[in-house]
Protein chains: 2
Amino acid sequence: MLAEVALELFRRDGFDKVTINDIAAAAGVSRSTVLRYFGTKEDAVLGAFDAHGEQVAGALRARPSGEDDWTALRYALDIVVDIYRQDSEAALATTRLVLATPALHTRQWEKQHSWRPALAQALAERGASPRPEITHTVRAAAALDCLNIAIAHWARSDNTLNLDDLLDEAFAALRQ
Amino acid sequence: MLAEVALELFRRDGFDKVTINDIAAAAGVSRSTVLRYFGTKEDAVLGAFDAHGEQVAGALRARPSGEDDWTALRYALDIVVDIYRQDSEAALATTRLVLATPALHTRQWEKQHSWRPALAQALAERGASPRPEITHTVRAAAALDCLNIAIAHWARSDNTLNLDDLLDEAFAALRQ
DNA sequence: GGCGACTTGAAACTCGGTGTCACGTTAGCG
DNA sequence: CGCTAACGTGACACCGAGTTTCAAGTCGCC
């Protein structure tokens, strides 16, 4: 409820123009309540985003152990693709808002960045032969870049391009 | 001068504990002057960082056109490696501060993120056959990840590991 | 001397975020 | 039924970053 009110204001006036007081007034609650709900203004938009990290790490751990790192990462990210496909209208609007707002873009990166150790850890556990930590970290980071870049292209195409295909294309760019 | 004063305070007390007023008082200037110099508190640390982006893009454009994208990116990043090697003591201290301070870490990513289009553009200009934009963007992003991850490992090793080798190792992780 | 550009300082202001306290509601329990 | 503890909410004070505006200096230059 609160998040919907905030999102509507953000989309109408732009994230930076809307103050927390505006959100509180529009929702009929106090500023304190808004802050208590979201912690930060950015989290009014990106709150749902938090769960994805653990989901992807879980999906990665569930991949067959013989599988190639890149393949496993690609399939694990299908979790996110599915979420976007499930309500593509809302995802598109939110993504556009994020891409248009540096503060949101940055905050989203911060959240995703915190997934990285878990993904690298999951890759390390999968590997038969031990590899240097740097290897897993780089692969996790690159996979997340692929996701972000694919999503950005998808949003810019107004959902005319297929997110799955874009993600495949992004991963393909890594393998020469 | 101002930057040195700020850095010393940050390293001594932590970035978040030091206010702009503290910096102003320590440097014997007014708060206004500090803000006018740096724009933001983060830029008191990351100001020198801005130039690197154009340097890397320039180095990338200067690579022979027949060269592999990954090889070209790797060599272009030597510009940054050289800067770090030139004054490894200062670079180490600054890197540690950045890694220990979320606000700085984030701001550094923002700056590096703004390099990405230039790097992707440089890759596009190098390519003989035209490739989808997403390919160049992914490769530029992955290369920057390699740089960051290598630098982080190098800083955590207290300069006992070689940054060049770590960067090679990071790039190697991308090619299976 | 006077003019204009640049630098600095001062102060007021906006806004995000933290912390505290008081008030009401509700649930649990004797 | 009444007591209490927990919780959600609002009000308020506070801090610090960043913006803006205005009022001096300070310098070179004509």
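Predicted model, so just to flag it, every value in this text is computed and none were measured. Reminder, nothing fancy here: chain letters follow the sequence lines and each chain counts from 1.
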Quick one about B:Gln108 and B:Gln112 (side-chain donor to acceptor, distance below 3.5 Å, no hydrogens or angles considered), yes or no? no
So A:Lys111 and A:Asp43, do their side chains get closer than 4.5 Å, heavy atoms only? yes
Students often mix this up, so state it plainly: with edges at 30° and 60°, are the rings of B:His105 and A:His113 parallel, tilted or perpendicular? perpendicular
Given the structure, check if the side chain of B:Arg31 and the base of D:dG18 hold any donor-acceptor pair shorter than 3.5 Å. yes
Pairs involving residues 44-100 of chain B, ordered by first then second residue, that meet ring-ring contact (aromatic ring centres under 6.0 Å, His included) (sequence neighbours left out): B:Phe49-B:His52, B:Phe49-B:Trp115, B:Tyr84-B:Trp154
Pick the closest DNA chain C nucleotide for A:Arg36 and for B:Tyr37 by heavy atoms, then say which residue is nearer the 5' end. B:Tyr37
For DNA chain D, find the residues of residues 3-21 of chain B with a heavy-atom distance under 4.0 Å and give them by number; none if there aren't any. B:Val18, B:Thr19, B:Ile20
Between A:Arg139 (side chain only) and B:Ala173 (backbone N and O only), is there a donor and an acceptor less than 3.5 Å apart? yes
Between atom CD1 in A:Ile23 and atom P in D:dT9, what is the gap in whole Å? 16 Å
Under 4.0 angstrom, heavy atoms only, what part of the nucleic acid is B:Ser32 near: base, sugar-phosphate, or nothing? base
Roughly how many Å is it from NZ in B:Lys41 to P in D:dG16, rounded to a whole number? 9 Å
Would a single hydrophobic cluster contain both A:Leu119 and B:Trp109, if residues Ile, Leu, Val, Met, Phe, Trp and Tyr are joined by side-chain heavy-atom contacts under 4.5 Å? no
In whole angstrom, what separates B:Leu35's CG from D:dT19's C1'? 9 Å
Below 4.0 Å: OP1/OP2 of C:dT8 and any side-chain N or O of B:Ser30: no
